[in-house]
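Numbers restart at 1 for each chain; the letters A, B, ... are given by sequence-line order, proteins then strands. FYI, side chains are in, hydrogens and waters are out, and symmetry mates aren't considered; it's all heavy atoms of this structure. What you are looking at is a predicted structure, and each value in this text was computed from that prediction instead of being measured.
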Amino acid sequence: MKVRTRFAPSPTGFMHVGNLRTALYAYLFARNNEGTFILRIEDTDQERAVEGAIPLIYRTLEKAGITIDEGPINGGPAGPYVQSERKNIYKEYAEKLIELGGAYYCFCDKERLESLGDENGVHRYDKHCLTLTKEQIEANLKAGLPYVIRQNMPSSGTTEYEDMVFGKIQVDAADLEDNVLLKSDGMPTYNFANVIDDHLMGITHVIRGSEYLSSTPKYNLLYDCFGWERPTYMHLPPIMKDATRKLSKRYGDANFEDFLAKGYLPEAIVNYIALLGWGPGGDEEKMTMSRMIEIFSVKNLTKSASIFSEEKMRWLNGMYIRELTPETFLTFATPFFEKSVIAGKYPYHKFAKILQPRIEILSEIIDKVSFIENFGPYDTSLYTNQKLKTDPSFAKIALEATLPVLVSLEPFNHDNIYLSLSSLAEQKGWKKGQLLSCLRLALTGLETTPGGSTEIADILGRDESLRRLLFSYNLL
RNA sequence: GCCCUCAUAGUCUAAGGGUUAGGACGCUGGCCUCUCACGCCGGUAAUAGGGGUUCGAAUCCCCUUGGGGGUACCA
């Protein structure tokens, strides 16, 4: 049978990386098995639905490199793919389930339900309306009383299933409650809609968060009652913010779009989250999407929760940045140059060259570049360096020798600057580092800078370099 | 409370009863080097605790502890 998996988010707010990972694994599993990946929107709770969420989900998955075979925007044979548009389907199946004895009408009001709470504040429905006669039900319906449809759980016995990651899950039927399947507004609950839709959409493998692990037996009872084949389940452990807190929408930083804005590359984010809960076996860590599809395997899924570490994702992102071609890096970096002090002032490609090996996320560019404009009076004792054996008086001599070289250098470009100053140092019997570190200080007032001092001279250009050199010379 | 479930370094993970418990991030020492990075080479650090089973346990069983989830007309 052809594999069909689905990602079924509710359209509330943003996609955090936990949701994305669920989607990713469902996608990888489908592709690994040459199957179909479906997007279904679970918007049965109208109060939580957020405008514009569906396009956002599409956009996010597209950027993540996950392609949707069937879904609300691109359609497909099992549509509609938005649950609110399937309302009549659920009602039809709910009524059918009543005929089959798997569900019943319930007319209990809020007060009665609340009176059912026990000493722990735990409510448990007492099957009160199960005893209603056909006539009473007819009369209530005719009178227009609000009602829900509840699942009729067996009162004894056990039910079990085999989860692909957690193994055998067994629960006593007595622990199962008669959950609401169809709400009084006519919308189904998740408990019902997911079963109906997964069956109708031909989902073979249900891949979702482990919060459903213990309620899955209820869903299986529904499949059984309808006489449908149960799907295979793959429950995923949660991604945590720390040891005790799950990643939540409130943790805004774990939001995919926010990471993109901070200068993470989508490939790196996806690569990193794939690694949370899945160890590909060997030492492989940096993987393309097609590589992940190739080697994805359920047996390598982890059962324990994992803590999201931006630190490691940052490192991975740095790896991706360093592997970019200089042209691509420049393209990605330009929006950040535009927002920095160098906007429109210095050649971006020269900064790109020195920054590519020095940043892990693109947004670092803004700070990393600011030194170039912060030149001003500084403490000349910085010229004293024991290791290099330099001091202010050496610096004065070095700058004096450097000035005429730069004045007459033609053309004024990096390689020329480097070569001429290297040979100047050699002539004078200085170490290259002695001269060039004095140059760094003279040009920037800083002991450390991204890039070499000759690269900085090149970026500043002849006029500005000479101006700063003279300024520094006069300080000495 | 009851039910389900998880447990290897600070973090992500590997080890289908027998390894000096492996790799990665982080931290750290060194090399390279005009600084800072990159890169390369090294170091640090773990089987939650207690009982079993076994010649032998991170691995199998039980208990304890700790964490997560469920117990909604949320998903």
Short side-chain N/O contact to C34(B) OP1/OP2 from Ser422(A), under 4.0 Å | no
Tell me: OH of Tyr212(A) to P of A72(B), nearest whole Å?
-> 15 Å
OP1, OP2 of C74(B) versus side-chain N and O of Lys183(A): anything below 4.0 Å?
-> yes
Which value, in whole Å, describes the distance between the C1' atoms of nucleotides G42(B) and G50(B)?
-> 38 Å
What does Gly277(A) touch in the nucleic acid at a heavy-atom separation under 4.0 angstrom: a base, only the sugar-phosphate, or nothing?
-> sugar-phosphate
The nucleotide from C3(B), C12(B), A75(B) with an atom nearest the side chain of Val171(A) is C3(B)
Taking atom P in both G49(B) and G66(B), compute the distance separating them and give it to the nearest angstrom.
-> 15 Å
In whole angstrom, give me the gap between the C1' atoms of G52(B) and A45(B).
-> 30 Å
Look through every strand shown and name the nucleotide pairing with A15(B) as Watson-Crick or G-U wobble, where both distances are under 3.5 Å.
-> none
Distance check: side-chain N/O of Lys353(A) vs OP1/OP2 of A37(B), anything under 4.0 Å?
-> no
Whole angstrom is fine here: how far is it from CD1 in Ile57(A) over to C1' in A75(B)?
-> 13 Å
Would the Tyr161(A) and Tyr233(A) ring centres measure less than 6.0 Å apart?
-> yes
For the pair made of CD1 in Ile354(A) and P in C34(B), what is the distance, rounded to whole Å?
-> 16 Å
For G68(B), does OP1 or OP2 lie under 4.0 Å from any side-chain N or O of Ser210(A)?
-> no
Donor-acceptor side-chain pairing of Glu360(A) and Tyr264(A) below 3.5 angstrom = no
C1' gap between U28(B) and A9(B), integer Å | 15 Å
Atom P, compared across C6(B) and U44(B): separation rounded to whole Å | 33 Å
Separation of Glu42(A) atom CD from C73(B) atom C1', in whole Å?
-> 16 Å
If you pin Ala243(A) and Asp283(A) to their nearest nucleotides in RNA chain B, which one's is more 5'?
-> Asp283(A)
Between Lys241(A) and Phe308(A), is NZ or CZ placed under 6.0 angstrom from the six-membered ring centre and within 45° of the ring axis?
-> no
Ignoring hydrogens and angles, state whether a donor on the side chain of Asp163(A) or His235(A) is under 3.5 Å from an acceptor on the partner side chain.
-> yes
Between CZ of Phe166(A) and P of G68(B) the distance, given in whole Å, is 15 Å
When the distance from CD1 of Ile273(A) to P of U13(B) is rounded to whole Å, what number comes out?
-> 13 Å
Which value, in whole Å, describes the distance between the C1' atoms of nucleotides U65(B) and A48(B)?
-> 8 Å
Which nucleotide in the list A75(B), C3(B), C34(B) gets nearest to the side chain of Asp45(A)?
-> A75(B)
C40(B) versus C25(B) - spacing of their P atoms, nearest Å = 10 Å
Mapping Thr302(A) and Leu113(A) onto RNA chain B by nearest heavy atom, which one lands closer to the 5' end?
-> Thr302(A)
Can you check whether Arg314(A) has a side-chain N or O nearer than 4.0 Å to OP1 or OP2 of G26(B)?
-> no
Checking Arg468(A) side chain against Ala442(A) main chain: does a donor-acceptor pair fall under 3.5 Å?
-> no
Do any side-chain nitrogens or oxygens of Lys303(A) fall under 4.0 Å of OP1 or OP2 in C6(B)?
-> yes
In terms of side-chain heavy atoms of Lys246(A), which of G68(B), A75(B), C12(B) is nearest?
-> G68(B)
Quick one: are the ring centres of His16(A) and Phe256(A) less than 6.0 Å apart?
-> no
Sugar-phosphate, base or nothing in reach of Met240(A), heavy atoms under 4.0 Å = sugar-phosphate
Rounded P spacing from U47(B) to U8(B) in Å = 11 Å
